[in-house]
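Notes to accompany the following structure.
Whatever order the structure lists them in is the order used to number ligands and atoms, beginning at 1. One-based numbering along the sequence shown.
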Amino acid sequence: MKNFKDKVIYQIYPKSFNDTNHDGIGDLNGVTEKLDYLKKLGVDMLWLTPFFVSPQNDNGYDVANYYEIDPIYGTLDDLQRLIKEAKKREIGLMFDMVFNHTSTHHEWFKKAMAGDPYYKDFYFFKKGQNHQPPTNWESKFGGNAWEYVEAFDEYYLHLYDVTQADLNWENPNVVKEMTRILNYWLEMGITGFRFDVINVISKESFEDDFEGVGKRFYTDCKKVNDYLRELNEHSFGRCDDTITVGEMSATTIKNCVRYSKPENHELDMTFNFHHLKVDYLNKEKWTLMPFDFMELKQLFNDWQIGMQEGGGWNALFWCCHDQPRIVSRFGNDKEYHRESAKMLATALHMMRGTPYIYQGEELGMTNAYFTDLKQYRDIESINHFHILKNKGLKDEEIYAILQSKSRDNARTPMQWDNTLNAGFSDQPPWMEVNPNYLHINAAAALQDNDSIFYHYAKLIQLRKQYPVIQEGLYEPLLEDSKQVFAYLRRLESETLLVINNFYAKEVTIHLDDIEGYQLLLSNYPSQSLKKELTLRPYESCVYYRK
Ligand code: NOJ
């Protein structure tokens, strides 16, 4: 029986983590070099975003060969050394499997374009109508989702960039190839898989969408469950200690329960993004809006309870390579940098589910606040700069939006110390370093007992120590509070009480049942539990009783 409920996973974006071969780009040896740092933090597994051969149009999410390492990241020997060294420290590796699409540089796609019918059927090539694409679906990176190929007078589907062609999972040969890839890496000692946008791999019907951008025809379709069961049965399901997580785009609780319920033999857990859309104006990402705290709370409560009742399991996260930095987003990266970063960490890590930490989050790394398009690297951000410009927005309005929403906020190089390029590289990095590395960096954090880093380390340690954090049932508290997110976790005679003030204002809360609790963790000098409890700006406390 596998147990992952006491584990915490750390996400590495290798390109921005640590450069050891002096080219301004992070590499696998750079990860190996930092294993002791990660061990000190206490994480159990490293999710590495894709480092396979790729033209890097979407920073590796456009895979051209699933078996080979892109030379910019190193060699197979480097990878094997990383696996070995990580294992020595009891740290597992989770690979990122981008199975919805391949790069158009993949040999399957090249053969398809050369007219080979076997490989054409790996993708969706379809006729248009009246010189229009087959459907009106929009690509998630902007524009229509179909690209015209003159030689065939047909279009191919790309839900993402034009160089990311969607795979046809209806074709059993595609499923076989994917199983083969998973088994290859399992044999090499990989014990985790993250499946990229896995809930869009099945396209139910090719129809125009007059209500939306096409999502309802390809999101969470029933066959996704069949495909996942098949992968599970023929690859990772055969090994007891693997951990799998699916990234789910625009999904529902009901579907995530289905994907992650152990008896369904699909995945161990799911990522969803609803809680990271509470600062979208009219559901549109490329807008500016203060986050809606009540909606955030409601979403957490609904997902916590819904997944619990259904027997599913959540992946818990604030940050990843696709999201702005949380301390700049729902915290306060100026006056209350330390307090708010710690509060956000506590609020998340004590919930029911498996926490993920994204590189630099444990230091309180902030948004980049870039002011020039030249500083941006992300294809989605650059596309949207032009889309917003065409809509008539002024440059300063566009930059304000990018500064708050761009994925590049997460991708600036890891801040290791206060030396040249934050100690990330001795060469100009592929993307600019955030100038605040002078005071926000790992070396400084390690020397400060009260740092955000040690707060994260403590949260991880508490999870290992207290079964109630791993297994306890979730119960919302103070649901009407407009400022405080609080909840209980209960397991037999143990109770955990978690209280988080999400604002820079003090607030007094009323608690009925306070007997017998001891304080486990806070981001302020401790205060004992009272019926009328005044919380300081961004204060969070965790109390425990048995
Ligand atoms: C989700 C990944 O996290 C993102 O970075 C990527 O652009 C898309 N999937 C497409 O693969």
Side-chain angles (χ1 to χ4, degrees), residues 9-17 26 47-66 70 94-106 109 123 137-143 145 147 156-167 169 178 181 192-201 203 213-215 218-220 224 244-251 267 269-274 276-277 285-286 315 317-325 356 358-359 361 376-384 405-412 430-431:
I9 300 177
Y10 186 91
Q11 184 193 350
I12 292 185
Y13 197 68
K15 203 166 193 173
S16 298
F17 192 64
W47 153 25
L48 303 177
T49 60
F51 46 81
F52 308 108
V53 167
S54 157
Q56 300 289 325
N57 289 334
D58 188 21
N59 283 331
Y61 283 92
D62 44 333
V63 179
N65 187 329
Y66 293 94
D70 198 301
M94 172 182 271
F95 277 13
D96 202 327
M97 297 286 112
V98 189
F99 283 178
N100 175 63
H101 42 266
T102 71
S103 162
T104 50
H105 291 222
H106 195 289
F109 193 80
Y123 299 91
W137 301 354
E138 278 175 29
S139 147
K140 293 176 192 263
F141 289 167
E147 180 71 3
Y156 71 84
L157 179 68
H158 62 92
L159 293 183
Y160 293 86
D161 186 49
V162 60
T163 62
Q164 292 165 298
D166 279 57
L167 284 162
W169 279 70
M178 295 327 192
I181 294 164
F193 294 108
R194 178 252 189 202
F195 293 98
D196 190 63
V197 290
I198 199 69
N199 64 330
V200 303
I201 57 175
K203 279 78 183 171
V213 292
K215 283 184 194 170
Y218 59 74
T219 306
D220 288 326
V224 177
T244 54
V245 56
E247 185 204 28
M248 304 299 166
S249 166
T251 188
L267 299 171
M269 62 187 101
T270 54
F271 282 117
N272 81 82
F273 293 85
H274 295 283
L276 296 173
K277 295 185 178 167
K285 169 172 172 172
W286 300 94
F317 74 109
W318 284 127
C319 299
C320 72
H321 62 293
D322 291 333
Q323 298 292 328
R325 292 286 181 178
Y356 286 67
Y358 176 67
Q359 63 183 48
E361 181 185 334
Y376 286 92
R377 295 286 175 276
D378 171 33
I379 189 162
E380 186 197 30
S381 308
I382 296 168
N383 285 351
H384 277 88
K405 296 290 166 70
S406 168
R407 307 194 296 180
D408 279 339
N409 285 309
R411 300 176 182 184
T412 58
W430 73 281
M431 172 185 268

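Salt bridge status for K15 with D70: absent, with no side-chain N to carboxylate O gap under 4.0 Å.
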What's the verdict on side-chain contact (heavy atoms from CB on, under 4.5 Å) for T102 and L167, showing C-alpha distance, side-chain angles and the deciding distance? CA-CA 7 Å; T102 71; L167 284 162; 3.7 Å; yes
Going through the checks in order, is the side-chain hydrogen bond (donor to acceptor under 3.5 Å, both in side chains) test met by D62 and Q56? CA-CA 6 Å; D62 44 333; Q56 300 289 325; 5.8 Å; no
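With sequence neighbours left out, the ring-ring contact (aromatic ring centres under 6.0 Å, His included) criterion links W47 to F271. Residues satisfying the side-chain contact (heavy atoms from CB on, under 4.5 Å) test with A165, not counting sequence neighbours, are T104, F109, Y123, Y156.
With a 4.5 Å cut-off on side-chain heavy atoms, V53 and H106 do not count as touching.
Every atom of ligand 1 is numbered from 1 in the order shown, and the set under 4.0 Å from a heavy atom of R407 is 4 (C), 5 (O), 6 (C), 7 (O). The atoms of ligand 1 that sit less than 4.0 Å from any heavy atom of D322 are 1 (C), 2 (C), 3 (O), 4 (C), 5 (O). The contact set between ligand 1 and R194, taken as ligand atoms under 4.0 Å from a residue heavy atom, comprises 3 (O). Heavy-atom contacts of V197 reach the following atoms of ligand 1: 9 (N) (cutoff under 4.0 Å). When each atom of ligand 1 is checked for a heavy atom of E247 under 4.0 Å away, the hits are 1 (C), 3 (O), 9 (N).
The protein atom (non-hydrogen) at minimum distance from atom 7 (O) of ligand 1 is D58 OD2, 2.5 Å. Nearest to atom 1 (C) of ligand 1 among the protein's heavy atoms is D196 OD1, 2.9 Å.
With a heavy-atom cut-off of 4.0 Å, F141 touches ligand 1 through its side chain alone. At a heavy-atom distance under 4.0 Å, only side-chain atoms of H101, from C-beta outward, approach ligand 1.
With no hydrogens or angles considered, a side-chain donor-acceptor pair links S249 and K140 at under 3.5 Å.
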